[in-house]
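Structure first, commentary second.
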Amino acid sequence: MNSKEIEKKWQDIWEKEKRFEVPNHVEGKKNAYILIEFPYPSGRGLHMGHCRSYTAIDAYARKKRLEGYNVMFPFGTDAYGLEAERTAIREHKRPQEIVERNIKTFQSQVRAIGMSIDWSRTINTCDPEYYKWTQWQFIQFYKHGLAEKREMTVNYCPNCGVLANEEVEDGKCCQCHTETTQKSKAQWVLKMTEYGERLADDLKDTDFMEHIKTSQINWIGKSEGVEVDFDIVGGGKFSIFTTCIETIYGITFMVVAPESKLVDELKDRIGNWSEVEAYRKATAKKSEFDRSEMNKDKSGVKLEGIYAINPVNGKKVPVYIGDFVIASYGTGAVMAVPTHDQRDFEFADKYGIEKIQVISGADVSKQAFEKYDYLGKNCTLMNSEEFTGQIVEEAKKNITEKLVKMGVGRKKLNFKMRDWIFSRQRYWGEPIPMIHCEHCGWVPVPDSELPVALPDVESYEPTKDGESPLSQIPDWVNTTCPVCHAPAKRETDTMPGWAGSSWYFMRYCDARNDKEFASLDALKSWLPIDLYNGGNEHTTRHLLYARFWNKFLYDIDLSPVSEPFKRRISQGLILGSDGKKMSKSSGNGVDPLQVIDEYSADALRLWMSFIGDYFESASWSDDGVKSCQKFLSRVERLQDILVDGDTYSKELSVAIHTAIKKVSQDIDNIKFNTAISALMILVNEITKVGKLNHAEYRTLLTLLNPFAPHMTEEIWETQKYSPRICDVKWPEWDEGKLVKDEIEYAIQINNKIITRLNIPTTASDSEIENIAKNEEKIASALNGKVVVKVIIIKNRLVNIIAK
RNA sequence: GCUGGUGUGGCGGAAUCGGCAGACGCACAGGACUUAAAAUCCUGCGAGGUAACACUCGUACCAGUUCAAGUCUGGUCACCAGCACCA
C-alpha cells in the first residue's frame, strides 16, 4: 500500500469507530478542551496557513489524549459575514449554496490532513438550528438592557453599509478598503463599554500571549482620570475629562468638540457665530479619518465672548472649538495645558495663547513637558498655589481630593472602546429578532417563534439607500405584535459577522441541544477552553467580542466561567518560498492537497511542526517536506534492525528517556520544532547503536504518533502490537535514568578551554577538581602558578582561576 | 509618539537557574555502494588563520556587572505587531 491508501484507510477507521468523540458531560479533572478558530469556508479551501495550526494543534490534542485526557477537539465553520456574501454576488449564486458546497470541501480537506476531530459536534453559524440561539441570546441582551436601538453617527461604507469602529482601518472599510464616511442612523448596539473595566482587568486571570493581552488592552484603552466641572462666565457649565489633573493650574484655554451641544446652547452669547458655524460645517463633512489626518495642522475657532472659570483658582480662560477633540470620547471637551501637552502646545502657538509651566524639570519653551517624561521621576509642581513643591503623584491625589470636596470633580474611568454597533443593512446575516409595534415599541420575537429564519430570496444585494435588502420583502417585514397583536414590522437589520463567532465555542459543548444553547452541565464540563488557537487578525475584535459575550452570559448564570479562554495562542504565517506572503498574484502559493498527493499527509504534518518556531512566520520549502518524508522512512526502515526485548536496552535507555522528556515537555510548551528534533536525535542514536528492540520501537512510534498518526498506526499494525496505538499510554520518563555514567566536562583555566574530560557522574566536587588538576595538559599549564579559585558547574565545566 | 515583541552561520532555527554558542534540519562539498542514476550510508561545513595544528574574532551596536553574558543592567539602532489628536 502507498501512503495515500494507508492514510485513507486509517482516516476511515477513525471515523467509523468514532474514535475522537467525547460525551457532553464528563466527570473529573482530566478534561481538555482544545480549540482552533473555526474558519470561514472560502471556495479556495484549506490553505497552508490553516495547515500549520490545524496539524500542530492536532498533534497537541492527540498527545493529550494518549496522556489519558478526555479531549474535546471540535470543528465547524463560520459562514456568515461579508466575505461569503461578496463571493455569492460575484458568482451570481445564493450564499446558502456556496456555503454548503464549500463546507463539504473544507471538511474533506480537514479529514485528509488527519485531524482528530469530534465530528458529532460540528456546527455552522448559518444553520437555523445554530442561529436560533444567536438570536435567543441577542434577546437576552435586550431583556437585560444591554441592547438598544440608538440614533448615532456611524461609519458608513458605500459598499458594505454601516461598520463598527472595529471594522474601520485608517478610515477605510476593512473588507473592501473603500473610504468610509459618517452618517447618522438608528442602530442596534450592545453596550460593551459597560464591561470595559472587567474586559481589561480580567486579562490578568488568563494565560494569553503577551502581545495578545497588549492589543486587547490597547483596544479597550482604559484610562483613569478626573472629570471636572467648569462654570462659564455669565452662566452655564460643562465638564472635561483629564488624566493629568496635576496640571490644572496650567490651564490657559479650553477646547470643546465642534459638534458639542454646548456650542448650540451658547449660540446667542458667541460673538463670532458665523465663523463658528462655518467651522462646524467644515468639520461635519470630514470623516473621522480626515480629522485625524489633519493632525499636523491644529485648527480651531475661538468662541468670542465665552470664558470658563478654573475652579481651583478662579482664573478666566477662553474657550475654543477644535476638531482634534472627539465628541464621543470622555465628555467631548478638554482642559488645555500647553506646557504639558504637545497638542495644546501647538494649538497655543498657533493662536497666540499664553503658557504657564506647572511642573518643573524641563524647559517648555520649545516643546511641552509631557506626562510620559515627568511621571515617576519625582518631579515637583510649580505655580500651583498650595500644591507647589509637591511631587506629581502626590499632587495628583491631593488636587483630586480638593476637587471632590469642592463638589466639582470626581474620579472617572474612560474607555476608547465604544459600544458594539450590532446592526448591518445586509442580507447575509442572522436577522435581528425584534418587532416594532406602534403601540408597544420594540418587542422581542417570542422564544417559540425562533429562529426568525432568513428568507430565501432572489435578490440579496445591498440597496441603494443603505437599507437592508430584507426591507424589500413586505411578506417578511409585515407581522403582528407579539404583545398586542396589532400589525407590526420586523426589524430588517441583520447581525454582524462577529455575532455567531462570539459564542460558538459554547455550542460545541452541547452541539445538538434543542432545548437550550448549551446546558450548564456540559459547559461546566468543558469550559474554560484550555488552549485556543487562532489567527493574529482576530486577537482584538473577535477575542474581545467573545469575552464580552461570555461575561454577559456569566452574569446571568448561563456560563460557568467569567473568562472562556484560559490560554490563547496565535501561529505565525506560512510564507511562500520567496519569503513573501502566499498569494495568487505572486504565484508563490502551495496547495496542501498537492503536497499530500506528492508526499504524504504525515510528511506535511511533520514539516508544518518542524518548520520553525510556531509563533513566528516561516517560509515554505519543498526541501523541508522532503526531509520530513526522509525522516519518516528512516523510522519505517528501523523495522529491519528490530530485535527481541521488552525493556529498554542499556545502550539506548538514556537516549529514550531523554527523548520522552523532551518531546513531552516541548509539545506542552508549543515547541513542536524542537520536539521533532528530539525525535531525530533519538533515531540518529538508534542508527549509531545499530539495533533496537520492540519496547524501544513502540516508544518511538508513540512519541511520533501525534505528528504522524497514519504511519505509526500502520507500522503498529504490521508489527502486531496491541492494544492499538491510540489506546496505549503516553510513555513516561524516569528522571533517574536520564543521567549517563560519564559526562564530558570542559576544563578551563582562566576562562579558556584547555581540554575536555570524561568524568563519572558520581564524582564529588573534590574528586572532579582532582581529576581536572591531574590531567596532563592542565597540570603542565598550572605549573608554577597559584590556583586562586576553582569553579565547578555540575555536568558542564570546571574553571580553574590561577595566577 | 505610546505599548508589546524580535534581532544568533549560506538558510530554517537550537541553547533550563548566566556555564563548552551554532543542537536538529536544509543547502553545499567530498567519499562508499552502483555499469550509471536515484535512493541509502559515511565524513566535512561560523569567519579569519595554518601544510596541519596553534591562535584570533564572532549571537544588531556601545557601555557595565561577573571567574564566566546570546542570556542580566543601562543606552543606541533596525525590523515586526497593536494603538494613535483618546485629553
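Because only heavy atoms are used, hydrogens play no part in the values below, and waters and symmetry mates are left out as well, while side chains stay in. Here the structure is a predicted model, which means the values were calculated and not measured. Residue numbering restarts at 1 for every chain, and letters A, B, ... go by the order of the sequence lines.
Using a distance-only test at 3.5 Å, with no hydrogens or angles considered, no donor-acceptor pair links the side chain of A/D341 to the main chain of A/V337. Of the possible polar contacts, none joining the A/D602 side chain to the A/L632 backbone as a donor-acceptor pair under 3.5 Å is found. Judged purely by atom type and a 3.5 angstrom limit, A/R568 has no side-chain atom pairing as donor or acceptor with the backbone of A/F208.
Between the P atom of B/C24 and the CZ atom of A/F610 lies a distance of 10 Å, rounded to the nearest Å. Across the protein-nucleic acid pair, A/L413 atom CG and B/C86 atom C1' stand 14 Å apart, rounded to whole Å. A straight line from CG of A/D640 to C1' of B/U40 spans 12 Å, rounded to a whole angstrom. In this structure, A/M608 places its CE atom 12 Å from P of B/G13, rounding to the nearest Å. In this structure, the CD1 atom of A/I754 is 15 Å from the C1' atom of B/A68, given to the nearest Å. For A/R637 and B/U40, the CZ to P distance is 6 Å, given to the nearest whole Å. One interatomic measurement links the two molecules: CG of A/L738 to P of B/U16, which rounds to 16 Å at whole-angstrom precision. With rounding to whole Å, A/N414 atom CG is found 9 Å from B/A87 atom C1'.
Across the P atoms, B/A47 and B/G22 are found 14 Å apart, a figure rounded to whole Å. The same atom, C1', is picked in B/C55 and in B/A78; the two are 34 Å apart, to the nearest Å. Using C1' as the reference atom, B/G18 and B/A87 are 45 Å apart when rounded to the nearest Å. For the C1' atoms, the distance from B/C62 to B/A69 is 15 Å, rounded to whole Å. The same atom, C1', is picked in B/A23 and in B/U59; the two are 15 Å apart, to the nearest Å. The separation of B/C79 from B/C61, taken at their C1' atoms, amounts to 15 Å, rounded to a whole angstrom. The same atom, P, is picked in B/G70 and in B/C80; the two are 27 Å apart, to the nearest Å. With both ends at atom P, the span from B/U3 to B/U8 equals 24 Å, rounded to whole Å.
When the salt bridge (Lys or Arg N to Asp or Glu O under 4.0 Å) test is applied to A/K355, the partners found at least two apart in sequence or on another chain are A/D349.
Using a 4.0 Å heavy-atom criterion, one finds that A/D344 contacts no nucleic acid atom at all. Residue-level contact check: A/K630 touches the backbone only, with heavy atoms under 4.0 Å from sugar-phosphate atoms and none from bases. When heavy atoms are screened at a 4.0 angstrom cut-off, A/S677 is found touching base atoms of the nucleic acid. A/S633 comes within 4.0 angstrom of no nucleic acid atom, judged by non-hydrogen atoms across all strands. Here A/K371 lies in heavy-atom contact (under 4.0 Å) with sugar-phosphate atoms only. Residue A/I793 is in base contact, counting any heavy-atom pair closer than 4.0 Å across all strands shown. As judged by a 4.0 angstrom heavy-atom cut-off over every strand, A/E370 is placed among residues making no nucleic acid contact. Using a 4.0 Å heavy-atom criterion, one finds that A/I791 contacts the bases of the nucleic acid, with or without backbone contacts as well.
Out of B/U56, B/U40, B/A87, the shortest distance to the side chain of A/K752 is found at B/U56. Distances were taken from every side-chain heavy atom of A/L797 (C-beta onward) to each of B/G19, B/A27, B/C42; the shortest belongs to B/G19. In this structure, of B/G13, B/C86, B/G5, it is B/G13 that holds the atom nearest to the side chain of A/D613. The nucleotide whose nearest atom lies closest to any side-chain atom of A/N751 is, among B/G19, B/A87, B/C67, B/C67. For A/I681, the listed nucleotide lying nearest its side chain is B/A23; candidates were B/A87, B/A23, B/A14. When distances are taken from the side chain of A/K662 to each of B/A15, B/C26, B/C55, the shortest belongs to B/A15. Taking the side chain of A/K416 as heavy atoms from C-beta on, and the options B/G12, B/G4, B/C86, the nearest nucleotide is B/C86. In the set B/A87, B/A14, B/C83, the nucleotide with an atom closest to the side chain of A/N218 is B/C83. Of the candidates B/C83, B/G4, B/A15, the closest approach to any side-chain atom of A/K671 belongs to B/A15. In this structure, of B/C24, B/G19, B/C86, it is B/C86 that holds the atom nearest to the side chain of A/R418.
Between the side chain of A/N799 and the base of B/C67, a donor-acceptor pair under 3.5 Å is found.
Put simply, A/Y329 has a side-chain N or O that comes within less than 4.0 Å of OP1 or OP2 on B/A87. The side chain of A/K803 places no N or O atom within less than 4.0 Å of a non-bridging phosphate oxygen (OP1 or OP2) of B/C67. At B/C11, none of the side-chain N or O atoms of A/S619 fall inside 4.0 Å of OP1 or OP2 (strictly under the cut-off). Taking 4.0 angstrom as the limit, A/N684 places a side-chain polar atom (N or O) nearer than this to OP1 or OP2 of B/G25. Between A/R343 and B/A84 there is no side-chain N or O to OP1 or OP2 distance below 4.0 Å. At B/A14, one or more side-chain N or O atoms of A/N673 fall inside 4.0 Å of OP1 or OP2 (strictly under the cut-off).
Scanning RNA chain B for stems, defined as runs of 3 or more consecutive Watson-Crick or G-U wobble pairs whose donor-acceptor distances all fall under 3.5 Å, gives the following ranges: B:1-7 with B:77-83, B:10-12 with B:24-26, B:28-32 with B:40-44, B:46-48 with B:55-57, B:60-64 with B:72-76.
Between the side chains of A/R567 and A/T206, no donor-acceptor pair of N or O atoms lies under 3.5 Å. Side-chain contact annotation: A/Y279 with A/S299, donor-acceptor N/O pair under 3.5 Å present.
Annotation: A/F347 is in aromatic contact with A/F253 [ring centroid separation under 6.0 Å].
Taking every heavy atom of both residues into account, A/V325 and A/P258 meet most closely at O-CD, 4.1 Å. The shortest non-hydrogen separation linking A/V364 to A/T339 is CG1-O, 3.6 Å.
By the 6.0 Å contact criterion, NZ on A/K350 is enclosed, its count of non-hydrogen atoms from other residues, nucleotides or ligands being greater than 12.
No option in A/V798, A/N799, A/I754 other than A/I754 meets the side chain to side chain contact (heavy atoms under 4.5 Å, CB included) test with A/I749. Of the residues A/W498, A/Y195, A/W219, the one that meets the ring-ring contact (aromatic ring centres under 6.0 Å, His included) test with A/Y545 is A/W498.
Between A/S621 and A/Y745, it is A/Y745 whose nearest contact on RNA chain B lies nearer the 5' terminus.
Look at B/C77: its glycosidic torsion is beyond 90° from 0, and that puts it in the anti range. Glycosidic conformation, B/G9: syn, with the torsion inside 90° of 0.
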